[in-house]
Every structure is written in C-alpha cells, then in structure tokens.
Amino acid sequence: MQVIIIGGGIAGLSQALSLHQIGVSCRVYDAVPALSPLGYGINLQPNAIRELSALGLGEKLAAAGILTKELAFYNKHGQLIWTEPRGRAAGYRWPQISISRGELHKILLTAIHERLGRDAVVTGHRLTGFEQRGDAVIARFNDPSGRPVGAAAGDILIGADGIHSAVRQHFYQGEKAVFDGYLHYRGIVEAAPYLTGASMAVVGHRSHRAIIYPVMQRPGGKVMINWLAYTRIPPGAPPLEAWDTVADKQACVEQYKGWTYPWLDVHGLFAATTDADVLQLPNVDRDPIPRWSFGRVTLIGDAAHPMQPVGAQAGSQAVVDGRVLAASLMANRDPAEALMRYQNERIAAMNDMIIRNRNLGLESILQAAEERAPDGFTHIHDVLSQEELEHTAISFKKAAGFDVETVNSRESFVDAAMRTNIHRRMFLKLVASASVSPWLPRAAHAQSFPNRFVRLIVPFPPGGGGDALARPLAQRLSEVWGQQIIVENRGGAGGNVGAYQAANAPPDGYTLLLGAAYLSINPALYPASGYNVFTDLAPISLLTVIPNIMMVSNSSPAHSVREFIDYARANQGSVTFASTGIGASPHLSGELFKRMAGIEMTHVPYRGAGPAMNDLLPGRVSVMFSNLPGVMPQVQSKTVRGLGITSAKRIAAAPDIPTIGETVPGYEVATWWGMFAPVRTPADVIEKIRADTVAALGHESVKSRYEALGAPPSPSTPAELAALLRADAEKWAPIVKDAGIKPE
Ligand SMILES: Cc1cc2nc3c(=O)[nH]c(=O)nc-3n(C[C@H](O)[C@H](O)[C@H](O)COP(=O)(O)OP(=O)(O)OC[C@H]3O[C@@H](n4cnc5c(N)ncnc54)[C@H](O)[C@@H]3O)c2cc1C
C-alpha cells in the first residue's frame, strides 16, 4: 500500500513516522521549496508525548525542549487566579513538553530521513487537485513558480496541509477561515527563568491576553521564552495569514505597558524581544465540518480541525490524529473503512474542541475573573469558587483527551491496535503481499492491461537525465493505454532504492523501472543491495544509448578539455568534480578521465543532476560529469559550458562540442537507459509493454524530444538488453575495484 501525505508540518511528518512504524509505505509532499525549522513555541501534552515516545522520539524531544511543570493563570494586575501542576508534576507517566516548533519539526524530519529515506519527503510540490479512480487516488502538483510538476498515485491520500488545506477545499468549496477580529503577536527572546523555571503563564483576559512559556535551555542558566499577546485590530483591517509577517512590535509593546509583576516583567520581556523576532497573525479558525473522510481521502491536523491557539492543542491533536489513523489502518482491511473509522473516533471531540477554544477553553476563567472583578480581588475564591475552577480545568483536559487517568491508563493507539486487532506480523504480511491484500493490484493479463494507473519508478531525484527520458515516454504511453503512467522519483543509493522497490513490487506490469548503467555498476558497488539485478528484474527494452558530458561553469577559466587539464595541473589539490552520485556512470566517467588525463580531482557526489548543477552554476565545483539528457537544456542555452562528450563520436544534438577522446585519445564512455519490470511479470504483459514502448519511441512526440536531448531512441529485445546489462557489469566491476569506489 502506498499513502500520499499532503503537507510536511507536524501532522504530516508524524503521520509518516506512524505509517512507517506499521509497515505502510508513504510519501510526504509539501508546497514549500525546502522544509526549514520554522515557528516559535509549541506545546505537546502528555497524550502526544506518549505517542511520540512510542515512535522512539521521547528522549530527543525532552532534551530539545522544556518539561513544563506548571500552568498558572493571572489577571491583568498580576494576581494569581489558578495554578495547576503539569506533565510529570501532575502525575502523568509522560511529560508535557514546551518546545520550539522548529526543533520539533527538525526532530520529526530527521527521523523520517533516517527511517524512511530522504526522498520520503518531496518539497516544492503544492497540491492543486486530486481524483479518486477506482482503488487509487491521483494527486497533481505545481512547483513554487506555479508550473505543473507531475502527479503521484497512491492507495490513500491524507490531507495534512494545515489551516488553509487544499484537500479540505476540494470537499468544502468556498469555505472561508473565520476571523474573530483579534490579532496575536508572537515573539521569542532569551531571558532569565521565572516562577518554577518551567511555568506556562497566562495573563489578562479575552481581548488583552498574554501566554508565556520557556521552550529551550540556554547556556548560562537562561531560557528562550516564547510569548503570545492578543490585541483587537481595527474593524476592516484585513487579516494576514502567513506565519512570517514581521509585526509592528512597538504597537504590541505599548498595549502591555504596566504589565510588570513581581514574578515576571511581561512588558519588559516583550520590549526586550528583537523587533524582527515579533510576528503577527490573525486569530483564525474554521467552523467544524461533518466529515473528514471521503472514500480513500481524509484530513488530519489543522486541515481537519483548525482551532484557535488556546489550551496548547493544535500540535498535540495533530500527532494523536496520525496515531489513530495508523491504528485504524491496522484494524481494517478496507482503506475507506479505515479512514471512516479514524474519522468517527476523532471528529466529535475535535469539533467540540474548536467551539471550546472559541470560548477560550481553559482560559475562560481569565475572562470570568475580569468580568467579576475588573479591579482585582482580595481572594480569588471571592470571585471564582474552587469547584468552578477545578471543573473548568478538569473538563477541558477530559474533552481534549489528556486528563491524567486517560493518558496513564491507555496503551499507545498503535500498540493497542497491534495487540487487539491483527497480529503485527500478519498485518505486515498483508500489506506486503499482493496475493492476499485486498488493497494491492490483482494479477494482470495482457488483454486487460493496463486497467488502472501504472507506476514508472525513476530511481533518481527529479530534474535529472532519467526524468527527462521518462516523462515524454510516460506521456505517450498514457495516451496509448488510456491510463495514467505516474513517474515516481525514488532516489538514493545510486539507484538502488528505486530498483529495490521495483524488484520487490507485485509482478503485474503496474510497476516498471527505468534502468540504466547504474544497474550494471551496482552489483560491484553494493553486493548486499537486497535484490539481484540479473534474477529479480525482467528486461523489457533498451530506450537509448547516450554519452555523458563534461561541463564547467561559465566562470571557469577552461574553455576546452585541454585548458581544463592545464588548469587542473596548475591547481593541484583544489580541483573538484561533481557527479550525480557515487558509482553512477558520470562518477566513473570522471574517474576514467582523471586516470587517462593524468590529473588529480576530488570527487563530490550529489543526489542527482539537479543538485549537482546547483553547485556547478556558481562555480562551487570545478567540473561536472553528467548524463546528457538531464543537462542538455543548460548546455544548449549555454547556461553552462560543455567541454567534452564522452562517446567516441560527436553527437547531432550538440555538434560543436568535441569528444573528450579528441584530446585524450582512447577515452570513451557511453551509457544506456532501458525499461525493466519485476521478474515474474507475465510474459504476455512484458511483450505488450515492450511493443508499446518501441512504438512510443518511434512516435514523433518522444523521438523528437529524445533527439533534442542527445539521446536518440534505440529500442531492443529483452534478450539484447539482458546481454548489454551483463557485458557492462563485467566491464565496470574491475574499475570499481581498482578505483576503490565505496558506496556512501
Ligand atoms: C511555518 C509554520 C510555523 C508555525 N509556527 C507555530 C508556532 O510557533 N506555534 C504554534 O503553536 N503553531 C505554529 N504553527 C502551526 C502548528 O504547526 C499547527 O497548528 C499544528 O502543529 C498542526 O500542524 P499541521 O501539520 O496540521 O499544520 P501545519 O504545521 O500548518 O503544516 C501544514 C503544512 O502543509 C503545507 N501545505 C499547505 N498547503 C499545501 C498544499 N496545497 N500542498 C502541499 N503542502 C501544503 C504547509 O507548507 C505546511 O508545511 C506553525 C505552522 C507553520 C506552517
């Protein structure tokens, strides 16, 4: 099963970790060009820490944040209204952690990179739409400039795309965020600890309120203090929606003049915050909705229940959503039923929470104290009885699902599902095995093939040569088959991550692999890759045989291969060469060049041509070797300077660029690309894919594109491709050994 998660915030990332824990494959897509640690303070209640600890993150979170000991409410005169212990101090088995949202995000993202691999999170992909077709959901994306950037297919789509969710908009068109007329300022500042040193203080009343808590220890005994301050904004002023709008700090600070108390100088704290560290946001939420789950699509986190920042709930509830959803997937064979079960378990409580937060939740006692005693009180119980205070505190925690009894007495949602529903091993077998899982494709036959979308795995990041060849072919095959061919970039380990997945996919023709020279190099480089190139993959057809290219930045002093060799000799020790990854054909092209030209260069491996090109353009590396198709546009537009082609003859697409062999006699490297499938794919299905691929290669739309990329179509039989694979493997094995090339 493959799950698409839209949004790499707290909900999306923690969801991905939970799915990984139960053995379900997923990928996170986020609109931003890069996920960076953003935000100020966020609170994770013990119910969320309980779940994050079950994911093995408890200690990291505790080390990065502050274990909250106390929640204290004060009126605007600084008089104590109510205080209660929090986290471990209140008897929970798990702490409450106040943490910088950026740190929390970083911990989740690092865990994903370590456990699921770097390509489990794809940035620069804004969801623009999706459709459910039979058993699949197909999502479409735009890049940050608004251009379509492809599609992804999965068995389930989870909308974790925050308060302005595009997934939610799909089902609730025209629905608007609700703005309550308040603006809140957020700031973060280093200061001395106050009260217990780990206290969350809430001061004031509805329209004039400050929430203050430390989120991080600093050297010298200081702490980073996160604060939030409310103010009503003039009617008609437009709400601002971004998390990065720098505020008019003075306007905020002015309003808190006089808020200087023996236990904390609130005004002084705000005033001491660097201007640029004060952000302003509108106080927005959305009305509760009756459904989150629609067939194979559902909502989690702020996309499902965007609520006002009261009672420190949003982050915690986002984590819990993901755990309940993972547990529901374990308990239900049918994905749509699982999503409905998740919804039914969560929606009523979260809709209730939205309304409670509009009424200030726990903080309502501040408003009650203000209304009953605006000038302060002699004793709080003259204004609010102990029973009233206790009732408000307990009922909020119970409604939010984090009262001590509930948290301490229940298992982690996922553990409970593992124990009570399906034995874990049985479940994993179910998701891994095509024959027993109702979620996975059934056997295909050539007559009916394909009757749903087909996945073409390109085992490199987007933007490289593989992509450039795969996309026009996928487009043509989609037209011929009347079914979408989804190009999936699965980079990592020199192509092995994607190849491993293809080798282990159901052998039904619905998963194909773009193979290339990496398949013949990797047996020498990764002897324990988990699959066997020769026995686990079925060759279908060669697509093209192409040279690599040697390029320098336009700012390089070298205008030819000869000048580059001279430059390298004059600058020994400082010459670097970029390749698309360790052991890939461009890397070997560079190694061969080094040896044959008699120069020294330090290899700098990148994860694909796109990232390598980013460093070549400003001249951060001296030279780059790459497959030609991915970089042809830059070469032809002279964004970079092509110095030499690795093949024996010049190529039609770039006739002005000499071969490297013209300067270094005998130098020659050519690489190839081909189509593969898992080995037990039925022969008639392989033959249909082969025949249609060969026809597509001859079709003008593909042929002209390939030729423009310097990769003329070159179809073959499966036997010819198998022979080429073997011959190449025999050629590269000794070079990998001699050069001492080791995988990353
Ligand atoms: C940059 C940022 C800073 C924040 N800072 C704080 C803070 O300091 N304190 C606090 O309490 N809360 C903060 N929040 C909100 C808080 O993270 C959430 O309220 C809560 O954690 C629930 O998380 P979520 O994952 O549901 O939503 P979010 O954390 O808002 O994450 C939603 C994600 O979806 C992505 N996204 C949105 N639309 C699309 C689309 N169409 N396609 C693909 N991706 C999309 C966004 O880029 C974002 O990464 C912040 C949120 C963001 C995005």
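For clarity, every value in this text was computed on a predicted model and none was experimentally measured. Every number for a ligand or one of its atoms is a count from 1 in the order of the listing.
- When each atom of ligand 1 is checked for a heavy atom of G39 under 4.0 Å away, the hits are 3 (C), 5 (N), 8 (O).
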What verdict does the side chain to side chain donor-acceptor pair (under 3.5 Å) test give for T123 and D30, after you've listed the backbone C-alpha separation in whole Å, the side-chain angles of each residue and the deciding distance to 0.1 Å? CA-CA 5 Å; T123 51; D30 201 289; over 6 Å; no

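- Of all atoms in ligand 1, numbered sequentially from 1 with element shown, those under 4.0 Å from a heavy atom of G301 are 26 (O).
- Only the side chain of R186 comes within 4.0 Å of ligand 1, judged by heavy-atom distances.
- Remark: ligand 1 and H164 share no N or O pair separated by less than 3.5 Å (distance only, no angle test).
- Salt bridge status for D277 with K249: absent, with no side-chain N to carboxylate O gap under 4.0 Å.
- If you look at H267 and Y256, their ring centroids are not closer than 6.0 Å.
- Using a 4.0 Å cut-off between heavy atoms, A31 contacts ligand 1 through both its backbone and its side chain.
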I'd like to know whether R346 forms a side chain to side chain donor-acceptor pair (under 3.5 Å) with Q317, so could you lay out the CA-CA distance, the side-chain angles of the two residues, the decisive distance to 0.1 Å, and finally the verdict. CA-CA 10 Å; R346 296 285 295 154; Q317 300 297 356; 2.8 Å; yes

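- H125 counts as a contact of ligand 1, since one of its heavy atoms falls under 4.0 Å from the ligand.
- Ring orientation note: the planes of F402 and F396 are nearly perpendicular, at an angle over 60° on the 30°/60° scale.
- Where the criterion is an N or O separation shorter than 3.5 Å, residue side chain and backbone included, I10 meets it with respect to ligand 1.
- Residue contact check: L38 has heavy atoms under 4.0 Å from atoms 1 (C) of ligand 1.
- Distances below 4.0 Å separate heavy atoms of G9 from the following atoms of ligand 1: 25 (O), 29 (O), 31 (O), 33 (C), 49 (O).
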S18 and L325: CA distance, side-chain angles, deciding distance, side-chain contact (heavy atoms from CB on, under 4.5 Å) verdict: CA-CA 9 Å; S18 292; L325 179 43; over 6 Å; no

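- Residue-ligand proximity, G41 to ligand 1, at heavy-atom distances under 4.0 Å covers atoms 7 (C), 8 (O), 9 (N), 10 (C), 11 (O).
- Contacts between R101 and ligand 1 below 4.0 angstrom, taking non-hydrogen atoms only, involve the side chain exclusively.
- Among residues two or more places apart in sequence or in another chain, the salt bridge (charged side-chain N to carboxylate O under 4.0 Å, His left out) test is passed with R206 by none.
- Atom numbering of ligand 1 starts at 1 in the shown order; those under 4.0 Å from a heavy atom of A160 are 32 (C), 33 (C), 34 (O).
- Salt-bridge annotation for D302 and R286: absent, with no side-chain N of the basic residue lying under 4.0 Å from a carboxylate O of the acidic one.
- Residue contacts with ligand 1 for F141 are absent, since no atom lies close enough (heavy atoms, distance under 4.0 Å).
- With a 4.0 Å heavy-atom cut-off, ligand 1 is reached by the backbone of L127 and by its side chain too.
- Taking the six-membered ring for Trp and the full ring otherwise, the centers of Y185 and Y40 sit at least 6.0 Å from each other.
- Numbered from 1 in the order shown, with element, the atoms of ligand 1 that lie under 4.0 Å from a heavy atom of A11 read 23 (O), 24 (P), 25 (O), 26 (O).
- Here is the list of ligand 1 atoms found below 4.0 Å of a heavy atom in I6: 42 (N), 43 (C).
- Looking at E51 and R410, a side-chain N of the basic residue comes within less than 4.0 Å of a carboxylate O on the acidic one, giving a salt bridge.
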